[in-house]
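Structure first, then comments.
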Amino acid sequence: MRASDAASKKKGVLAADGTPLKRSLNRALRMQKLRALMLVAPLLIFVLVTFIAPIADMLWRSVENDIVSDTLPKTTEALEDWDANGNELPGETVYRALYDDIFFAQEAKLHTRLGSRLNYELTGMSSLFRKSGRSVEDMGEVYQDQFEDLNEFWEDGENWNSFMGSDSWLSAIQSWDEDSDTAQPRFEMRDGIADMLPNTAAAYQRFADFIQLEDEDNLYDEDPWAIVYSSFYEDLTGETASQIASYSGPAAAEIKAAAEAAPDFETVDYVAAFREIDEDWHSLDVWQTIKIYSPDLTTGYFLNSVDMQKSADGAELRPEDERIYGILFWRTMVMSVAITASCILLGYPVAWILANLPSRTANLLMILVLLPFWTSLLVRTSAWKVMLQQQGVINDTLVWLGLVADADRLVLINNQTGTIIAMTHILLPFMILPMYSVMQTIQPSYLRAAKSLGATNWTAFWRVYFPQSVPGIGAGSILVFILAIGYYITPEIVGGTSGTFISNRIAYHISSSLNWGLAAALGAILLAAVLILYYAYDKIVGIDNVKLG
């Protein structure tokens, strides 16, 4: 064998360009997949952005709970050592941290949002935080008034900036023109101030950030908030006060004079001050609720969804008169099954007639089935609202036929009966169309063959025709049941208090109570129920047997 033939055999079959055929085929296959991916990419991105992302965001909201720790960072940290199962209230340190947190929260208008969140767990928390936000500034003004009485130096923001800000920042802010298009120089703390006055530096930094970033005002002209004065008092009488004697920077004389006078200042008893704002701040339930819901993630929404609640001892059932969601879930499932069964009973004969009539007649009758799709859902539901009333068309007809006495007219609206009747009518096309599509494929010769072998009409139908129509029933049942458990408008209009679904409660929490976390948890449970039922259906009937046509 020649050397060139041996080399070609070693390389294998070559393509026209001299590359191995296997490599060339793989490259062509990759290019085909890439082109296919590029073709479906717009649709894939659209589905991810408009369908998957919103669902994932709502599911995340069902466990998200960072509003407590973000709004009350010092308080939640101070509460870590507090025993929520005991009978003692938190100590002075926790109340002092609460003062700091609520002060900044009310400046950022966050305390009302936090109160609304905790009000879902304990009634009265919303008004408690709203009232505290209005009153907490008075605590800091006790120290502010005393510093300003001691020396007018402490009245002006420019004086505070002279020793809190760095020299470079002071130079930049003094030369900055508010009317120019340039951004305001960001505040820079003077070196060493945070070591000598740690609480003051922390409070002043948050004050500066808020003024410059949120209010977009000139920090150089702004007077400090009251909390800066209370923090200043703590530093002058705290562990780092000894460093003040050796301080020689800007405003050294004023700071040393304040340090000498501060021990004689009138102080604030934060425990008593919060009690004066509201007696509930001395309630164990309030502090237990704050501590229980201080983690960033919570199971509280899911527990509420199954009529349970978090307590200091763990999860427990809610009082019997507060349990509602278990009833709603059960009612939703039972009524959805009833609606699905009603659609099967009414839709099967209609689909059979349509499938066995001549095409021209069947197409004409099909218009009557499709007519509801061309009519507004709100109009159809409102029509049932009128027809099902005690003085409506149906009751009048029953009275005219003598089936019901005029004094005993049926109550068909604002209850479960009204919901089942209206939703059966609205969802009936979703049952008929799949069954009709499947029945059209069943050959009439099968029935004739069964009868020719001696089967009765019923036996031929039950043993030959019906099994072949099961895929259509399965497809219609899945469509109707899944649509039914998520229906909102029809139960809301005709269901009254006893005919509403869990979806109505979800809509209430999204649009009225704004408890999106609980709404997300209820939706997640509903989604899980659907997936479980779908899995069970696949195991029992087999999803491969479902045909839409």
Side-chain angles (χ1 to χ4, degrees), residues 332-377 380-381 384 419-487 490 529-549:
T332 300
M333 293 299 167
V334 171
M335 290 181 66
S336 296
V337 169
I339 292 165
T340 304
S342 300
C343 287
I344 293 174
L345 293 176
L346 294 175
Y348 196 93
V350 176
W352 184 85
I353 292 173
L354 290 174
N356 289 279
L357 282 175
S359 298
R360 186 174 180 180
T361 308
N363 291 336
L364 185 62
L365 293 178
M366 182 61 75
I367 295 176
L368 300 178
V369 177
L370 296 176
L371 191 60
F373 284 113
W374 303 335
T375 308
S376 166
L377 173 63
R380 282 180 282 162
T381 306
W384 279 112
T419 300
I420 292 175
I421 292 175
M423 288 188 62
T424 298
H425 165 252
I426 290 169
L427 296 177
L428 192 57
F430 293 98
M431 182 66 75
I432 293 175
L433 293 177
M435 289 196 295
Y436 169 69
S437 298
V438 172
M439 289 177 180
Q440 267 194 321
T441 64
I442 302 175
Q443 297 297 325
S445 57
Y446 295 164
L447 285 178
R448 291 198 295 269
K451 291 178 182 177
S452 68
L453 294 174
T456 63
N457 289 336
W458 169 252
T459 303
F461 166 76
W462 186 248
R463 302 288 296 274
V464 177
Y465 190 89
F466 181 78
Q468 296 181 77
S469 65
V470 167
I473 298 174
S477 299
I478 288 180
L479 278 175
V480 171
F481 183 79
I482 292 178
L483 288 172
I485 62 174
Y487 241 64
T490 304
V530 171
L531 293 177
I532 292 172
L533 290 173
Y534 182 84
Y535 177 78
Y537 182 89
D538 184 36
K539 288 295 180 185
I540 298 172
V541 180
I543 200 63
D544 293 338
N545 292 323
V546 174
K547 295 179 182 176
L548 295 175

Exercise for the section: Mind listing the closest non-hydrogen atom pair of M439 and A351 along with its distance? Expected result: SD-C, 3.6 Å
Handout entry: Euclidean distance, L428 CG relative to I344 CD1, rounded to 0.5 Å
Key = 11.0 Å
Completion exercise
Distance col, row T419:OG1 vs Y487:OH, nearest 0.5 angstrom, shows 12.5 Å
Handout entry: Sub-4.5 Å side-chain heavy-atom contact between Q468 and T441
Key = no
Exercise for the section: Give, for atom CG of N356 and atom CD1 of I353, the distance between the pair rounded to the nearest 0.5 Å. Expected result: 9.0 Å
Exercise for the section: Could you tell me which non-hydrogen atom of P471 sits nearest to which non-hydrogen atom of V438, and how far apart they are? Expected result: C-CG2, 4.3 Å
Exercise for the section: Count the heavy atoms of every other residue, nucleotide or ligand shown that sit under 6.0 Å from CZ of F466, and state whether that count exceeds 12. Expected result: yes
Practice task
Give the minimum heavy-atom separation between A460 and A455, together with the two atoms involved.
Solution key: N-CB, 4.1 Å
Completion exercise
Contacts of W458 meeting ring-ring contact (aromatic ring centres under 6.0 Å, His included) (sequence neighbours excluded), chain-then-number -> F461, W462
Practice task
Please name all residues satisfying ring-ring contact (aromatic ring centres under 6.0 Å, His included) with F481, sequence neighbours left out, ordered by chain then number.
Solution key: none
Problem - Heavy-atom closest contact (V480 atom, L427 atom, distance) - result: CG2-O, 3.7 Å
Handout entry: Gap between atom CE of M423 and atom CG of L483 - 0.5 Å precision
Key = 8.5 Å
Exercise for the section: Check whether any side-chain heavy atom of M366 lies under 4.5 Å from a side-chain heavy atom of L433, and answer yes or no. Expected result: yes
Problem - Non-hydrogen side-chain atoms of V369 and Y436 separated by less than 4.5 Å - result: no
Practice task
Compare all side-chain heavy atoms of S445 with those of R448 and state whether any distance is below 4.5 angstrom.
Solution key: yes
Problem - Minimum side-chain heavy-atom gap M435-I473 below 4.5 Å - result: yes
Practice task
Provide the closest heavy-atom pair for P429 versus P434 in the form atom of the first, atom of the second, distance.
Solution key: O-CD, 4.3 Å
Problem - side chain to side chain contact (heavy atoms under 4.5 Å, CB included) partners for I421, two or more places apart - result: W384, L388, T417
Handout entry: Listed partners of S342 passing side chain to side chain contact (heavy atoms under 4.5 Å, CB included), at least two apart
Key = I420, T424
Practice task
With sequence neighbours left out, write down each residue that passes side chain to side chain contact (heavy atoms under 4.5 Å, CB included) with V334, or none if nothing qualifies.
Solution key: W330
Practice task
Decide yes or no for W352 and I442: does some side-chain heavy atom of the first lie under 4.5 Å from some side-chain heavy atom of the second?
Solution key: no
Handout entry: Under the side-chain hydrogen bond (donor to acceptor under 3.5 Å, both in side chains) test, residues paired with T361 that sit two or more places apart
Key = none
Exercise for the section: Side-chain contact test, heavy atoms from C-beta onward, threshold under 4.5 Å: evaluate it for I478 versus L533 and give yes or no. Expected result: no
Practice task
Rounded to the nearest 0.5 Å, what's the gap from CG on L354 to OG on S359? Could you check?
Solution key: 11.0 Å
Exercise for the section: To the nearest 0.5 Å, tell me how far T340 OG1 sits from L345 CG. Expected result: 11.0 Å
